[in-house]
Protein chains: 2
Amino acid sequence: MAPEKRVTIRDVALAAGVSPGTVSRAMNDSPLVNEDTHRRIMRVVEELDYTPNVVARRLSLGKTLAVGVIVPFFTRPSVSERLNGVVSLLATSQYDLVIHNIETPEQRASCLTEIPFNEQADGILSISLTPTDAEAERLAEADLPMVLIDGDHPALKGVHHQVTVDDVAGGEATTRYLIELGHTKIGFVGDHHDNPFNFTSSRDRYVGYQRALREADIPVRAEYLEENQHGRRLARESARHLLALDDRPTAIFAASDTQAVGVLEAAREAGLGVPDELSVVGYDDVEIADILGLTTRRQLLFESGRRGVELLLQTLENPGTERVFETLPTELIVRETTAPPQG
Amino acid sequence: MAPEKRVTIRDVALAAGVSPGTVSRAMNDSPLVNEDTHRRIMRVVEELDYTPNVVARRLSLGKTLAVGVIVPFFTRPSVSERLNGVVSLLATSQYDLVIHNIETPEQRASCLTEIPFNEQADGILSISLTPTDAEAERLAEADLPMVLIDGDHPALKGVHHQVTVDDVAGGEATTRYLIELGHTKIGFVGDHHDNPFNFTSSRDRYVGYQRALREADIPVRAEYLEENQHGRRLARESARHLLALDDRPTAIFAASDTQAVGVLEAAREAGLGVPDELSVVGYDDVEIADILGLTTRRQLLFESGRRGVELLLQTLENPGTERVFETLPTELIVRETTAPPQG
DNA sequence: GTGAGCGTTGCAATCGGTTGAATTAAACCG
DNA sequence: CGGTTTAATTCAACCGATTGCAACGCTCAC
């Protein structure tokens, strides 16, 4: 009834007639305590409804029992799906999840430079962020287990795993698909390839796009590239430009499903039928793609998060683990927004 | 270069020629330290790149400097938007955000009964969860500041704020809108009103729906209510049933935008034109509603999260704060899926 | 009967801060 | 100039667990 103070290990010790140390050992199932004593202590623990103070444990163990997740724009469906994978697995472990969302370049900088050093986490998961060289250097110093999900840096030293997708290959294959359909005039709607967050996926997909065109001896036309900030609205504007060109593309490759939606909207505005007059293909395969029947390249978002945590937990258990670089496969999901060009 | 051990407060004290206590006070801007000393200490802090160990602070202060967020299915767009509001404000505070996602009824139970007691957080935010009477009782015992966002319990004692939406009123107003358009045959597609998560929003909106019908002297027909688990796919099935009725509804009110999308899909399958042959209205106004031109009732998702944190932080700063119950407004956003019934 | 060995348990230091009380030094005043 | 106030700092206990080491009681062997 009364706001009774929290039960500590000493209370238990007193009630059980042993020392705090023994209670601690009993709680942690140390083989050093007698079975009877163990049972007796556990009974008292039950009675008093004792749960160890996590903060004290942390200090004592020198471990925080938490992992930090650094994630930009976690409300974006693709990101949130990765995060979902992270959460799903982490929930089964003893580790807490501390979230650091990034919405501005400043936040990005401070997260990447401070979080790994302030001893708030035993390990770090970074989602969709690519460290710069300087950042990578500094991160290496922290020597904190870190896993990069959908983001890589070749020079990262120390215990750093990576779970990525080959965006160049994905972009190339997707573009090739359009070429095989017969398209030669293919537009690209993506992020700013030089951006303060150092997001690289759009840029890499464009590199793949160029590669596919070159392989097919199709010239890469500068006016077919539209860079913009991420988002449906802005992608719509980008697409408007493409569709207003004298020699407009017959297909548009959007760097994400979100942007593809903007492209679809622009097409509707322009009175262009999809896929007859314009083919549109996205990237990610989030739910909206299914809803709209968008052809897209699927990547394993949920799995990437899950696998990232798996690697991190492995490293935490067993610090000797070797670095792992994993590349997850992608898959083209053909729906109703792509077709051979007209005529 | 070497993996130098972490700098502690004692190192700083030594280097600055003072005692650890003084360093502590200097770090916390206590007026008890001389200005010169303060400056000197801060210089050393800079040089050694010292940052206080948060875990140790926590133990010492008896505060965790973290708030826990309990949230079911955080990948659902409406939920993630609320969470976004939470994160946006919390990022500016000194508090960390520890996430507890709920995907099963068991997780729900354990979160609601354990989290508030394991001293891992100074305060709790609960999103879209309605405690049962028994849970409310137990929660009151924890006497931990807690804010319910989109979830309420009239009997919650202690320092508990609530930020909710009046779902009954929202459901009623939305239904009235359809009635005013001329509809009398209005279907309802929602969650199971009796569900293991104790989600209440769909049920409440249905209560409002009934109320609106009664006020307009329109009989409430049992066959016009379709309950199902949450989700687009299942909502589609529910809608199929409604549309297959001999006397099918001319309008369908979905308890969420996600479910409304399922309804739209069912309409397309059935070859029914929207809005001419079938009106559809959703709830939430998440992005998909905008994309699809769905008429819906907007609630302030982001703001609810933000306001919830605001209240929690207020309480943490100033434990004497009075309880606040807030009801956020909703607004009908008319787009292209609603029209008067045919004929 | 004494010492070695084993299984248990207690003791006390430790993790890295915070904070109330004690202490010192400077300042002020009649 | 002694006494008292005031400011600045140190000291040491404390938060609540963990853990290496010492110590204890017992058994068994020689």
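Per chain, numbering begins at 1; letters A, B, ... match sequence-line order.
Using a 4.0 Å cut-off, some side-chain N or O of A/Thr37 falls inside it from OP1 or OP2 of C/dT9. Put simply, B/Arg57 has a side-chain N or O that comes within less than 4.0 Å of OP1 or OP2 on C/dT18. For C/dG10, the OP1/OP2 oxygens have a side-chain nitrogen or oxygen of A/Thr22 closer than 4.0 Å.
Side chain of A/Val33, nearest nucleotide from C/dG17, D/dT10, C/dT9: C/dT9. Listed nucleotides C/dT8, D/dT10, D/dA8 differ in distance to B/Ser19; the shortest reach to its side chain belongs to D/dT10. Considering only the side chain of A/Arg25, C/dC11 comes nearest among C/dC11, D/dT10, C/dG17. Nearest to the side-chain atoms of A/Val18 among the listed nucleotides D/dA8, C/dT9, C/dG10 stands C/dG10.
Atom pair A/Leu14:CG and C/dC11:P shows a separation of 12 Å (rounding to whole Å applied). Rounded to an integer number of Å, the gap from CD of B/Gln120 to P of D/dA17 is 13 Å. The NZ atom of B/Lys63 sits 10 Å away from the P atom of C/dT19 (whole-angstrom rounding). Atoms CG (A/Leu59) and P (D/dG16) sit 12 Å apart, rounded to a whole Å. Distance A/Leu32 CG to D/dA23 C1': 15 Å, rounded to the nearest Å. Protein atom CZ of A/Arg6 is 8 Å distant from nucleotide atom P of D/dG16, rounded to whole Å. One interatomic measurement links the two molecules: NE2 of B/His38 to P of D/dA7, which rounds to 18 Å at whole-angstrom precision. Residue A/Ile9 contributes atom CD1, which lies 8 Å from atom C1' of D/dT18 at whole-angstrom precision.
Environment of CD in A/Glu326: crowded, with over 12 heavy atoms of neighbouring residues, nucleotides or ligands closer than 6.0 Å.
Here the straight-line distance linking atom CG of B/Asn53 with atom CG of A/Leu59 works out to 6.5 Å at 0.5 Å rounding. To the nearest 0.5 Å, atoms CG (B/Asn101) and CD1 (B/Ile70) are separated by 11.0 Å.
Taking 4.0 Å as the cut-off between side-chain N and carboxylate O, B/Glu35 and B/Arg39 count as a salt-bridged pair. For the pair B/Glu310 and B/Arg307, the salt-bridge criterion is met [side-chain N within less than 4.0 Å of a carboxylate O].
Listed in residue order, the members of residues 39-53 of chain A having a heavy atom less than 4.0 Å from DNA chain C come to none.
A side-chain donor from one of B/Ser88 and B/Arg306 sits under 3.5 Å from a side-chain acceptor of the other. Using modelled atom types, one finds a donor on one side chain and an acceptor on the other under 3.5 Å when comparing A/His153 with A/Asp133.
If you find the closest nucleotide of DNA chain D to B/Leu61 and to B/Asn34, the one lying nearer the 5' end belongs to B/Asn34. The nearest heavy atom of DNA chain C to B/Val23 and to A/Pro31 marks one nucleotide each, and the one closer to the 5' end goes with A/Pro31.
Residue B/Thr8 is classed as a sugar-phosphate contact, given heavy-atom separations below 4.0 Å to backbone atoms only. Within the nucleic acid shown, B/Gly21 comes within 4.0 Å of at least one base atom, counting heavy atoms only.
Ring centroid separation for the pair A/Phe74 and B/Phe74 does not come in under the 6.0 Å cut-off.
You'll find a donor-acceptor pair under 3.5 Å spanning the side chain of B/Arg10 and the base of C/dG16, going by distance alone. The base of C/dG17 lies close enough to the side chain of B/Ser60 for a donor and an acceptor atom to sit less than 3.5 Å apart.
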